Each structure stands twice: as structure tokens, then as C-alpha cells.
Amino acid sequence: MRSAAVLALLVLLPGAAQGAWGDPVGDYEVGVTVGAQWDESSYKWTNGSQTHWYPFADIVGAGVSEPSDDSLAFEVGVADKKYAGNEPHKVVFAAYDFSFLYHGTNKSVVLVWHPDGGRPNRAELRTFDAGRPRADETFPLEETPQGFRAVIPKERLRDRDLIPVRAGDTLEQVRVRSSTGMTYYVSPCTARDPPDCWRARDFLGPPGFLGSYDVVRAPRGVGHLALTSPAPFRSSNGLATTYLFELVAHNLASESDTALVGLGPFPSEWRINTPTVVEVPGDSKVTFPVAVTVPFTHLHGNETYVNVTLTSQREPDARAAQAIGVVWTKVPQPSGHHAYLHAHAANGDAWVNTLEDDAEADAKATIRTRSYSVRYGFDRVDYVLRYGMLLQPALQSGLDFDLTRKVEGRIVAKFDHETTPTGTFTLSVIDADYKPLVVVATQKINGPKVGKGTEAAFDVAAAVDPKADRVPFEEGNNLLIEFELVYSRVREPTENVQGNEPALPVLVPEPSTLQLPLVEFLEVPDEALLSSLTRFSLVAKTATYKMVNPGDLAAFGVEVQNAASADESVDWRLIGANTDWAAVEPRATRLPAEGRATVLVTVRAPEDAEEGEAAEMLLVGQSRDDKNAQVFVRIVAQVTRAEDLESEEGLANRLRGDANASRAGVPGLPAAAALLVLAGGVARRRRR
């Protein structure tokens with residue numbers, strides 16, 4: 001039992017570096033199997049201090065800290081990193097698990113160390129979905145004098161809304177424990193009778209309780225805004241198309257805000273349309289679209305990303321960013337241009353992809369059964385054998401099947417005895433849990449009579465199920481080819497049920513090929529959203545950068561065009577520096593269907609404006625009926641005293657006539673009040 005004095009060491013206090021150091025040496029456990037190998041409840045556990053085996057499972061301390069504004073460090077100390085010397089087994093790995101709640105989501109950071117040094121060490125960031133762990137990402141594991149340490153970028157630790165960690169967040173109920181394992185998948189101990197597999201484990205505190213960690217430091221550039229996307233990347237075989245990305249602007253403050261949308265560098269041949277401003281109420285989130293049109297690109301293995309940014313109008317230092325982009329698959333995905341799937345095998349694994357020659361395949365390897373059943377009769381043996389092959393690399397795009405054509409190909413099996421088999425071919429799209437989402441095609445095939453050491457070809461010509469006409473991409477989905485062989489053979493009189501049986505049939509990869517009746521899968525963007533983003537365009541009627549003398553006026557004219565087949569009311573606003581020098585005429589424009597209208601911006605510099613001061617603004621127009629239908633232009637009026645410039649009152653008057661011809665009512669204001677507002681805007685001299 002730990003004493004109260006020891007337990008006191010395990011209490012965490014709020015702060016930027018929190019930990020519990022001083023956990024007693026020798027309080028860990030070692031156990032031996034008395035039942036199912038991987039179930040800890042089937043182990044008989046005893047105090048590890050009696051054996052001194054596996055001291056690296058003995059936790060003596062752990063902590064969470066912030067080595068920088070942008071990262072969190074998870075550190076564990078152990079009694080020793082060396083074997084005691086008389087252990088019954090060498091373990092393959094030791095794991096140190098920091099589990100916690102983040103915004104109600106179960107997460108963990110697991111430090112995985114290999115005592116034998118034969119495998120790379122790593123840290124895994126995991127999320128638990130429906131109680132099942134999912135490895136999100138891996139990071140380097142550092143060895144320290146006392147144990148191990150992993151540094152996780154705060155940007156990568158996100159909640160269910162994909163919002164990254166920031167100051168004021170809490171990692172709740174942090175618990176730390178250790179465990180050891182013989183191997184990842186199959187233990188060599190299962191061959192022992194009785195098995196004598198040994199493991200070790202330890203819990204920091206009772207039971208593994210470290211406390212809660214309050215994040216103190218905010219990542220650089222992170223304020224009350226966050227920007228996320230449920231599907232930020234698309235995979236492509238290279239066709240020209242338009243992708244419609246969905247982005248979510250989060251306002252974590254209680255006060256509403258207007259965020260300015262910006263774009264980082266992107267290829268000149270791309271066209272990107274997005275709203276210019278997004279209004280986000282306090283403590284809420286707003287979804288907006290970004291349309292990305294790309295040309296034909298045959299760059300398999302390349303990728304291009306664009307940073308979409310949000311900047312708060314209320315607090316310009318508050319920013320958020322989300323990368324979106326296109327990945328051109330290194331191995332082409334099944335499509336109209338890459339319709340053939342070739343079977344491959346190596347080291348007991350089997351898979352299919354669009355490569356005729358896969359560098360990872362073994363030309364001599366065959367495909368063995370995934371499962372089978374055998375029934376022995378008096379004079380015959382009945383077999384049901386099942387083979388499976390997944391697409392590798394996994395499915396990264398949607399599938400568009402041509403229902404007028406069939407799945408065609410050939411599956412070749414090699415037999416070690418005489419028989420006349422039948423086969424059943426099935427092509428499915430499965431989810432991440434291997435559950436069929438849709439059966440694309442299935443067919444029963446009668447095979448030829450075969451002899452010992454001969455091959456049989458099963459020709460596939462299967463109709464596509466109409467339900468598989470178009471299969472959209474979902475993360476975790478994949479293509480699965482299944483083939484079932486059913487046959488009987490004569491049982492020899494001398495044959496032993498447990499031995500002397502002929503070898504089971506195998507599939508032969510090289511001749512086994514399928515042609516899928518695919519057309520190119522192109523996303524079908526929401527036409528209404530796409531129309532929103534491309535509805536308006538704007539052409540400058542004057543220069544958009546001008547110099548102006550103090551006290552004088554500069555006039556800017558733009559022409560906005562409406563591509564829609566219906567009239568639009570467009571409201572105008574100015575965003576930026578020294579917008580109080582400027583006025584927009586009209587504040588709202590009635591834009592006819594497939595028509596155009598003029599908008600005037602006048603900037604009058606204050607009498608006391610200094611050399612170089614400027615009104616740097618975005619003129620933003622937004623449809624009253626569609627928040628995503630926007631247009632903008634950058635306007636700059638810079639003050640100079642070095643040159644005597646002519647006032648542009650006359651130009652403003654000429655443009656004003658055109659602008660007023662398309663005036664629309666200002667929402668919430670009677671016409672007379674609207675005119676007073678505009679007049680007041682022109683007369684302002686006050687500087688921001």
C-alpha cells in the first residue's frame with residue numbers, strides 16, 4: 001500500500017508544467033497467463049518487486065508540460081531500461097499510455113518503446129470511437145535519462161469539432177499506466193502447452209490517476225477563431241474538375257464577429273471561389289463553401305495544398321487556418337482510364353491494384369485461403385474455401401460504374417487433386433469495419449475438371465447491381481474481391497483425417513485480372529452553392545490605387561455583373577484601415593438578371609492626415625438572399641503632401657449618376673434616412 005505521503009506527490013496543481021514524480025519503485029506487477037492470452041483478467045498477477053523482472057514497466061513518475069506555445073510534452077519515468085537478466089521472455093514492446101478526456105472525447109497518447117531496438121520507437125495519438133481506439137497519427141519518441149518523452153503539436157490534438165488545443169482548455173482525468181507485450185499480432189507463446197506468456201504492468205497513483213492538465217499557453221496566431229473542414233483533401237487521377245470544399249468557421253468567444261477569408265499561394269492555373277467575409281455569432285459555428293477548379297494534371301504522386309485563413313475584423317491578431325488541397329494518387333485509383341485490377345501476392349498477403357507490375361509483389365507467390373471448412377465423409381471430402389483481396393493502396397476516391405457493361409476478367413486457381421469445382425465471385429465496397437456497403441457484382445461460375453498440379457480458369461462476366469451505379473467516397477471505404485471455391489474429391493482408403501491430405505488450392509496472381517466497367521468519377525458539386533460562389537464578378541472602371549491630398553477627394557468606380565437569371569439586391573460594406581474616410585454609393589444595389597451596375601467609393605482624406613497614411617480597404621458586396629454570394633475589390637487611397645493633385649469631385653459626380661440609377665433600398669431604413677446616411681458618410685472628416 002502506498003502511504004498518504006506518497007499519494008500527496010500525485011496531486012497535480014494548475015500550471016504550465018504538471019507532473020507526479022516519486023511513485024515508489026517496485027510497486028508494479030508481473031503476470032503469467034492462465035487463460036486467454038491478451039485478456040489481462042486471464043493473467044495471474046503478482047508484485048514485481050519479488051522478481052525484479054521488466055523494470056521498464058515500473059513507472060516512477062509522469063508529467064504533462066508545454067515546451068512551447070505550439071506543443072504539449074508527455075513524459076514518463078521508469079525504474080530502469082535494462083532487463084534484470086533472468087526474465088522468462090524477452091518482450092517486444094513496452095507501452096506507456098496517457099489517457100484523458102478532451103472536450104468530452106476520449107483520447108490517449110501512447111509512448112511505444114522496443115527494448116530490443118529492432119523496431120522504430122514512436123508515440124501514437126489515439127481517439128476512441130465507440131470504445132475502440134483509432135490511431136490518428138504517430139510522432140517521434142525521445143529517450144530521456146529517466147525514461148521517455150513525446151512532443152505533440154497542439155495543432156494535431158483536436159476535439160470532435162476538429163478544433164485544436166488552445167489556452168484555457170483542459171485535459172481532464174489524465175491517467176497513466178504501463179504494459180508490455182510479446183508481439184503485435186501473434187504470440188509465439190500460443191504454441192506452448194501450457195502457455196507461459198509473461199507480461200508486466202503498472203499504474204501511476206491509484207489507479208493511474210495523474211489529474212487534469214490546464215493548457216496555459218496559446219499556439220501562435222490562435223485566438224477565438226478556429227477553422228476546420230470535415231474533408232479537407234481530395235484524391236485525383238488527374239482529370240480537370242471542380243471540388244467543392246466545406247469549411248467550418250468557429251467563434252469560441254461570446255461576442256459575434258466578422259471574419260475575413262483569405263487564401264495562401266496556389267497554382268496560377270487553379271481557380272478558387274470563396275466568400276470574402278463570414279459572419280459568425282458568438283459561441284457558434286458557420287459553414288461556408290470554397291470551390292476549387294483544377295485543370296487536367298498527370299502528376300501521380302504529387303500533392304498541392306492551399307491555406308484558407310480567417311482573420312477577425314474585431315481583433316485582427318485573432319487568426320485561424322485550414323489547409324485544403326488535392327492529392328494525385330501515386331498508384332492510380334480504379335477509374336475509366338485505369339479500369340484493370342491486377343492481383344498481387346507476397347509473404348502470405350494478397351491484394352489488387354491498377355499496377356500490372358507492383359514492386360512489392362513476389363512473382364512466385366500464390367494467394368492462399370483466408371478461411372476454409374472441410375467435411376470428411378466415408379468415401380469423399382467436401383471443401384468450401386474462401387479467398388479475399390483488398391485494393392492496396394486503399395480506395396481514395398469514389399467509383400462511377402457503367403451499368404450497361406459487366407465486370408469481366410479471369411481468376412486462376414491451382415489444384416493438387418482431381419475434382420470439378422464451382423466458384424462464386426463477389427466484388428463489394430466495404431467500410432472501415434469490413435462491413436459491405438454495397439455488393440457491386442456477384443456471379444456463380446462452373447469450373448472445368450482439373451487434375452493434380454493443374455490450373456483452372458474461372459471467367460468472370462458479372463452484371464453490376466444498379467445500387468452500385470455511383471459510390472461516393474467515404475474515409476475508410478475499400479474495394480474487396482472475394483472468391484469462394486466449393487468442390488469434393490475422392491477420399492483415399494489410406495487417408496488419415498489429420499494428415500496425408502492433398503494441399504489446398506491456391507490462386508495464381510499473374511493471370512488473374514479484372515476489368516471494371518468504370519467511367520471517371522467526378523464530384524457533383526451542389527449547383528446552388530457553386531452558383532453562389534460564381535454569381536457576381538467585378539470590373540474596375542477607375543484605378544483602384546490612388547494618391548490623394550489632405551482634405552481632397554479621390555473617386556473609385558467599379559462595375560458589378562450578375563450572372564444569375566434573377567434580379568439581386570447587393571449590400572455593400574468597406575472593411576479595412578481608415579474606412580471612416582470613405583463612403584459607398586449606393587449602400588445597396590439592385591442588380592438586374594444577367595445585368596450590371598456601377599458602385600462609387602469616395603475617399604476624403606482628413607486635413608491633418610500625414611504623408612503616407614492610407615485608407616486600405618476591401619469593398620465587399622453580398623447578396624441579401626444568399627450569404628455566400630459575394631464579390632470584392634481592394635481599394636487604396638494614400639495621402640501625399642509632396643505633390644499637388646487635382647480633386648476628383650467631378651469624376652465622383654459623373655460616376656454617382658450611374659451608381660444612383662441602380663440604387664436599392666437599405667434594409668431597415670426609410671428612403672429619406674438612407675440618403676442622410678450616405679450624405680453623412682461623404683462629409684466625415686474624423687480619422688480612425
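Heads up: numbering here begins at 1 and tracks the sequence. All figures in this text were calculated on a predicted structure; none of them were measured in a lab.
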Taking the side chain from [X] and the backbone from [Y], do they hold a donor-acceptor pair closer than 3.5 Å?
{"X": "Arg491", "Y": "Gly377", "value": "yes"}
{"X": "Glu356", "Y": "His342", "value": "no"}
{"X": "Thr442", "Y": "Phe425", "value": "yes"}

Check whether any side-chain heavy atom of [X] sits under 4.5 Å from a side-chain heavy atom of [Y], and report yes or no.
{"X": "Val471", "Y": "Leu437", "answer": "no"}
{"X": "Glu246", "Y": "Pro230", "answer": "yes"}
{"X": "Leu533", "Y": "Pro289", "answer": "yes"}

Candidates Glu360, Gln333, His344, Gln392 - the one meeting side chain to side chain donor-acceptor pair (under 3.5 Å) with Asn353: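 One option only clears the test, and that one is His344.
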
Within 6.0 Å of [atom1] in [X], more than 12 heavy atoms from elsewhere:
{"X": "Arg470", "atom1": "CZ", "answer": "yes"}
{"X": "Glu475", "atom1": "CD", "answer": "no"}
{"X": "Asn347", "atom1": "CG", "answer": "no"}
{"X": "Arg271", "atom1": "CZ", "answer": "no"}
{"X": "His103", "atom1": "NE2", "answer": "yes"}
{"X": "Glu482", "atom1": "CD", "answer": "yes"}

Grab the two heavy atoms, one from [X] and one from [Y], that are nearest each other, plus how far apart they are.
{"X": "Pro232", "Y": "Ala323", "value": "CB-O, 3.4 Å"}
{"X": "Ala345", "Y": "Pro509", "value": "CB-CG, 4.0 Å"}
{"X": "Ser236", "Y": "Val326", "value": "CB-CG1, 3.8 Å"}
{"X": "Gly388", "Y": "Arg370", "value": "CA-NH1, 4.2 Å"}
{"X": "Leu522", "Y": "Ala240", "value": "CD2-O, 4.3 Å"}
{"X": "Glu523", "Y": "Thr242", "value": "CB-O, 4.3 Å"}

Hey, are [Y] and [X] close enough side-chain-wise for a donor-acceptor pair under 3.5 Å?
{"X": "Arg380", "Y": "Ser488", "answer": "yes"}
{"X": "Ser99", "Y": "Asp97", "answer": "no"}
{"X": "Thr127", "Y": "Asn106", "answer": "no"}
{"X": "Ser532", "Y": "Asp626", "answer": "yes"}
{"X": "Asn446", "Y": "Thr422", "answer": "no"}
{"X": "Arg368", "Y": "Tyr387", "answer": "no"}
{"X": "Thr534", "Y": "Asn273", "answer": "no"}

Can you spot which of Leu247, Leu227, Thr309, Leu310 makes a side-chain contact (heavy atoms from CB on, under 4.5 Å) with Val261?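 When Leu247, Leu227, Thr309, Leu310 are each tested with Val261, the side-chain contact (heavy atoms from CB on, under 4.5 Å) holds only for Leu310.
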
Is the cationic atom of Arg386 (NZ for Lys, CZ for Arg) positioned less than 6.0 Å from the six-membered ring centroid of Tyr372 and within 45 degrees of its normal?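 That pair does not qualify as a cation-pi contact.
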
On the six-membered ring of Tyr43, is Arg199 placed so that its NZ or CZ lies under 6.0 angstrom from the centre and within 45° of the ring axis?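 Because its charged atom sits under 6.0 Å from the ring centre and within 45° of the axis, Arg199 does stack over Tyr43.
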
Cationic N near anionic O, under 4.0 Å, [X] to [Y]:
{"X": "Arg156", "Y": "Glu137", "value": "yes"}
{"X": "Glu124", "Y": "Arg126", "value": "yes"}
{"X": "Lys452", "Y": "Asp416", "value": "yes"}

What ring-ring contact (aromatic ring centres under 6.0 Å, His included) pairs are there with at least one residue in residues 457-479, not counting sequence neighbours?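 Residue pairs with at least one partner in residues 457-479: Phe458-Phe483.
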
Phe415-Tyr487 aromatic ring centre distance below 6.0 Å: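 Yes, close enough.
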
Are the aromatic ring centres of Phe233 and Tyr305 under 6.0 angstrom apart?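 Yes; Tyr305 has its ring centre under 6.0 Å from that of Phe233.
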
Working to the nearest 0.5 Å, report the span between CG of Leu403 and CG of Asp469.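 Interatomic distance, Leu403 CG to Asp469 CG, rounded to 0.5 Å: 4.0 Å.
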
Find the distance between CZ (Phe74) and CG (Leu125) and round it off to the nearest 0.5 Å.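 So the CZ of Phe74 and the CG of Leu125 are separated by 8.0 Å.
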
Tell me every residue that passes ring pair (Phe, Tyr, Trp, His ring centres under 6.0 Å) with Tyr340, counting only those two or more places apart in sequence or in another chain.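 Listed in chain order: nothing, the list is empty.
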
Once side-chain hydrogen bond (donor to acceptor under 3.5 Å, both in side chains) is applied, do any residues pair with His250, and if so which ones, sequence neighbours excluded?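 Residues passing side-chain hydrogen bond (donor to acceptor under 3.5 Å, both in side chains) with His250: Thr228.
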
Verdict with supporting geometry, Val460 and Ile445, side-chain contact (heavy atoms from CB on, under 4.5 Å): CA-CA 8 Å; Val460 177; Ile445 309 168; 3.9 Å; yes

Run Leu514 and Val352 through side-chain contact (heavy atoms from CB on, under 4.5 Å) and show every step you take. CA-CA 9 Å; Leu514 284 179; Val352 294; over 6 Å; no

Begin with the C-alpha distance, continue with both residues' side-chain angles, and end with the deciding distance and a verdict on side-chain hydrogen bond (donor to acceptor under 3.5 Å, both in side chains) for Tyr383 and Arg489. CA-CA 8 Å; Tyr383 291 87; Arg489 66 172 176 82; 2.8 Å; yes

Hey, mind stepping through Thr105 and Asp159 against side-chain hydrogen bond (donor to acceptor under 3.5 Å, both in side chains) and telling me if it holds? CA-CA 7 Å; Thr105 302; Asp159 65 10; over 6 Å; no

For side-chain contact (heavy atoms from CB on, under 4.5 Å), just list the numbers for Tyr102 and Val165, CA-CA rounded to whole Å, side-chain angles, deciding distance to a tenth of an Å, and then say yes or no. CA-CA 9 Å; Tyr102 175 55; Val165 168; 3.7 Å; yes

Step-by-step side-chain contact (heavy atoms from CB on, under 4.5 Å) determination, Met389 to Ile367: CA-CA 9 Å; Met389 294 170 281; Ile367 301 170; 3.5 Å; yes

